[in-house]
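Shown next, in structure tokens, is the structure this report addresses.
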Amino acid sequence: MSKEAVLAMLEETADLSDIAGENPFKVRAYRRAIDALNAVKDSIEELVSSGRLREIEGVGESIAKDIQEFLERGTTQRLEKLRKRYPSQLRRLLEIQGVGPKTVALVYDRLNVQTVEELEAAAKEGKLNGLPGMGAQKIRNILEGIQLWRQHQARVPLHIALELAESVVESLKGVPGVMDILPAGSLRRWKETIGDIDILVSTKDSAPVMDRFVTLPLVQKVLAHGSTKSSVLMANNIQVDLRAVDPESFGAAAQYFTGSKAHNISLRSRALKKGLTINEYGVFRVDTEEKVAGRTEEEVYAAVGLPWIPPELREDRGELERAEEGRLPVLITLADIKGEPHCHTKWSDGAQSVEEMARAARVRGYEYLAITDHSPPMGWGVKPERYKELIKEIRRVSDQLGFPILAGIEVDIAPDGSLYMDEDILRQLDIVIASVHSAFKMTKEQMTERIVRALENPLVDVLGHPTGRLINQRPPYEVDIQAIVKKAKETGVILEINGSPERLDLSDENARYAREEGVPLIIGTDAHHEHHLDFMKFGVAVARRAWCEKKDIINTLSVKELTERLTAREKKVKKVRKVVAPAGLFPAAPTGRKKGTAPPTQSASAGKAKTSADAGSVKSQGKKK
DNA sequence: GCCGTTTTCGGCCCGACTGTTTTCAGTCG
């Protein structure tokens, strides 16, 4: 039984309980348990069999019993009872903005409305008129909510939200009276997708900035326009909320509106135990109502006896406990990154030359760049003969610019786990990233075996975008991430945090898991154009959300340390398997072997030819320094 | 339903905005 199935059962129970009008704290208890289970990596079976289920904070006797029953019977009595009262499909109605559990119960009880289509029809036919609390405006809002729901079902990718937020901030900065302005919410926490954009302004006079905000050129619809809060829908269906606060409360408001919700609830509970209450205006004593903090976020956390917590950590994943112990991680920053390990040129599907990419990397203050073009079988992949030329070109440009460029490759992992490139080419390279780009629809076992085989290959340094997902476009392929992490740990292969904003793969949660298991990570942008080198900030954000420090990320090393690390792995790997390109893949026989015959195999003692004796390589340049 | 350094009962984060109502309920974050 998958954890997803158990969580889905709990979510359905929570939603239907909510619609059924049960004690709201009971509903919240279910949602808290879902969050808590989500944060735990172990499978449900492991938790149950080891008796640790009840140890999870938020899972009590009743929910543990539900889970146990669900594992045995595939359903629970509680859920079946709720389903008899309210059909499951009602839950979809909750996704409509402005429609909550009370409205859902009302239209179902009175009109037997069960689907979005039925709700729309009921609204249009005037059947909602006369229901309690149902006026003309509310009905119009429901109809508009349905329109929106149809257009806007996915969350917005981080980079798109960031761009929009920056443009709104730019437009509001100059409005008279605005003293400070800060994008808050999930955007400030650098979550991979954003629901709404929250922007906070500090001002003594909020009317001008509110008025300006609701009339910005991009505004499509004004959802709310108050003196401290306004909400608009921008042209691309992204909702932006603006909140205005007095400068005396800016820190408290920044803390409050940055969230996450779970983090704030935990923080508030903690404050209450100290006789303090926190809201967006400040921290107050419960007894005397005296304000003790609010101007800065540091003050707010200090009032509760904690150091300031970086926004990326504010997910209620243990950061408050660690802060209390004074053991918060010193998170990696963009400035710690010394080089770019993953990019493409027009030799494969990139847009620019080796030299252009190298110059762009140097402009960004990097010490080095790795060129990692594609291998076949992709149409644009560089074939072995040509790859030899590419290596020469890389060495030539590196010498000419006096800038270390690692010769690398992003080689495809074949369905059987072998690599689509001749082994003698791979041996000449400074860095080998292996990635899956095809045959995504394998079973979990097959895909895991495929990748595990690649990780066992001593020529592989890095596993690229380990789950293959494209945010909002393609789910990750089925793979046992725990097995991959375990194998990476065993073999010393580095796992990539791919910072391309449409990938962000590993995700923050998987990256955190890998880090906790002691597996080294590297942040690459997968740049296909020099502008893409700036995606590094997104990769760093994922690393920060994964609690990574500088020492956890391999490309914070100097070029010398990095190349030594890559060589060391090669020496360390003892267990070696056959490393081959599938027979007959390449029409020519560039390695001298006869077409159609079995390709040569690899032995551990052979090693790669990238040693200090390889005078032309960047590796040796690094070592001489 | 969960939880407990005062508690096994009685709290549980809390305020803004909207709409419908005329003092408040529902929704949202």
Side-chain angles (χ1 to χ4, degrees), chain A residues 10 13-14 17-19 21-36 53-67 76 78 93-107 128-142 144-145 184-187 189 194-200 206 210 214 222-232 239-245 249 252-253 255-284 286 304 316:
Chain A
L10 293 173
T13 306
S17 301
D18 210 358
I19 293 169
E22 293 195 22
N23 179 351
F25 295 107
K26 185 201 259 191
V27 178
R28 185 188 297 167
Y30 270 91
R31 304 229 156 99
R32 278 197 59 195
I34 291 164
D35 289 342
L53 193 55
R54 286 288 309 273
E55 284 172 23
I56 296 171
E57 208 176 316
V59 178
E61 190 184 342
S62 178
I63 290 179
K65 239 162 75 185
D66 270 8
I67 293 174
T76 69
R78 183 195 310 276
L93 297 175
L94 295 171
E95 294 168 11
I96 298 165
Q97 191 164 48
V99 176
K102 300 283 186 263
T103 308
V104 173
L106 178 73
V107 297
L128 300 182
N129 296 324
L131 292 182
M134 201 60 80
Q137 186 56 45
K138 176 115 195 217
I139 293 168
R140 271 197 295 277
N141 286 348
I142 289 174
E144 276 179 13
S186 48
L187 190 61
R189 304 198 312 278
I194 308 297
D196 304 330
I197 296 174
D198 291 300
I199 297 176
L200 196 62
S206 63
M210 286 293 159
V214 298
V222 178
L223 301 170
H225 183 183
S227 61
T228 67
K229 178 189 167 182
S230 294
S231 296
V232 301
Q239 184 176 327
V240 185
D241 297 342
L242 183 70
R243 330 238 173 189
V245 292
S249 300
Q255 195 290 316
Y256 183 88
F257 290 116
T258 296
S260 66
K261 198 170 175 176
H263 173 87
N264 285 358
I265 289 173
S266 280
L267 185 69
R268 276 147 195 266
S269 305
R270 218 161 258 264
L272 278 175
K273 286 176 192 157
K274 294 180 191 288
L276 299 167
T277 175
I278 306 179
N279 59 31
E280 58 263 57
Y281 301 110
V283 184
F284 301 86
V286 174
V304 195
D316 198 27

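A:Lys273 has its NZ atom 7 Å from the P atom of B:dT5, to the nearest Å. When the C1' atom of B:dT21 is taken as reference, atom CE of A:Met134 falls 15 Å away, rounded to whole Å. Taking atom CD of residue A:Glu144 and atom P of nucleotide B:dT27, one finds them 17 Å apart after rounding to whole Å. Summarising the geometry, the separation between NZ on A:Lys138 and P on B:dT21 is reported as 11 Å, rounded to the nearest angstrom. Atoms CZ (A:Arg32) and P (B:dC3) sit 7 Å apart, rounded to a whole Å. For the pair A:Leu10 CG and B:dG1 P, the computed distance is 12 Å after rounding to whole Å. To the nearest angstrom, P of B:dG15 lies 13 Å from CG of A:Asn264. One atom, CZ of A:Arg54, and another, P of B:dG1, lie 13 Å apart when rounded to the nearest Å.
Comparing B:dT8 with B:dC3, their C1' atoms are spaced 10 Å from each other, to the whole Å. To the nearest whole angstrom, the two P atoms, one in B:dG26 and one in B:dT21, are 12 Å apart. A distance of about 23 Å separates the C1' atoms of B:dT5 and B:dG1, rounded to the whole Å. Nucleotides B:dA25 and B:dT20 have their C1' atoms positioned 9 Å apart, rounded to a whole Å. Separation of the C1' atoms belonging to B:dT7 and B:dC12 is 14 Å when rounded to the nearest angstrom. Taking the C1' atom of each, B:dC17 and B:dT23 are spaced 16 Å apart, rounded to whole Å. B:dG11 and B:dT6 have their C1' atoms separated by 13 Å, given to the nearest Å.
A close approach under 4.0 Å does occur between a side-chain nitrogen or oxygen of A:Asn141 and OP1 or OP2 of B:dG19. Distances shorter than 4.0 Å separate none of the side-chain N or O atoms of A:Thr228 from OP1 or OP2 on B:dG15. Look at A:Arg78 and you'll find a side-chain N or O under 4.0 angstrom from OP1 or OP2 of B:dG1. Contact annotation: A:Asn279 reaches the phosphate of B:dG15 (side-chain N/O to OP1 or OP2, under 4.0 Å). The side chain of A:Thr103 places an N or O atom within less than 4.0 Å of a non-bridging phosphate oxygen (OP1 or OP2) of B:dT27.
The nearest heavy atom of DNA chain B to A:Glu61 and to A:Pro101 marks one nucleotide each, and the one closer to the 5' end goes with A:Glu61. Residues A:Ile265 and A:Ile96 each lie close to DNA chain B; by heavy-atom proximity, the contact nearer the 5' end of the strand is made by A:Ile265.
Out of B:dC14, B:dT18, B:dG19, the shortest distance to the side chain of A:Ala224 is found at B:dT18. Among the nucleotides B:dG1, B:dA16, B:dG29, the one closest to the side chain of A:Ser62 is B:dG1. Side-chain proximity of A:Asn23 to the nucleotides B:dG1, B:dG26, B:dG29 is greatest for B:dG1. Out of B:dG29, B:dC2, B:dA16, the shortest distance to the side chain of A:Ala29 is found at B:dC2. Checking B:dC12, B:dC17, B:dC14 against the side-chain heavy atoms of A:Tyr256 singles out B:dC14 as nearest.
Among the atoms of the strands shown, none is found under 4.0 Å from any heavy atom of A:Ser17. In this structure, A:Glu57 reaches the sugar-phosphate backbone alone: every heavy-atom distance under 4.0 Å involves primed, P, OP1 or OP2 atoms, never a base. Backbone-only contact: A:Ser227 has heavy atoms under 4.0 Å from sugar-phosphate atoms and none from a base. Nucleic acid contact class of A:Val27 (heavy atoms, under 4.0 Å, all strands): none. Heavy atoms of A:Lys261 sit under 4.0 angstrom from at least one base atom. Backbone-only engagement by A:Ala136 is indicated by non-hydrogen atom pairs under 4.0 Å involving sugar-phosphate atoms exclusively.
Residues A:Asp198 and A:Leu187 have side chains not in contact (no heavy-atom distance under 4.5 Å, counting atoms from C-beta outward). Within the 4.5 Å cutoff, the side chain of A:Asp241 has no heavy atoms near those of the A:Ile197 side chain.
Screening A:Leu276, A:Ile278, A:Thr277 for a side-chain contact (heavy atoms from CB on, under 4.5 Å) involving A:Arg268 leaves a single residue, A:Ile278.
Put simply, the side chain of A:Arg189 gets close to the backbone of A:Thr258: a donor and an acceptor are under 3.5 Å apart.
Counting heavy-atom neighbours within 6.0 Å of A:Glu57 CD, excluding the residue itself, gives a total of 12 or less.
Taking the charged nitrogens against the carboxylate oxygens, A:Asp18 and A:Lys102 have no contact shorter than 4.0 Å, which rules out a salt bridge.
Nucleotide B:dG15 forms a Watson-Crick or G-U wobble pair with B:dC28, both donor-acceptor distances falling under 3.5 Å.
In this model, no side-chain donor or acceptor of A:Asp198 finds a partner on the base of B:dG29 within 3.5 Å.
With no hydrogens or angles considered, a side-chain donor-acceptor pair links A:Gln255 and A:Asn264 at under 3.5 Å.
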Would you check, one step at a time, whether the test side-chain contact (heavy atoms from CB on, under 4.5 Å) holds for A:Ser249 with A:Glu280? CA-CA 7 Å; A:Ser249 300; A:Glu280 58 263 57; over 6 Å; no
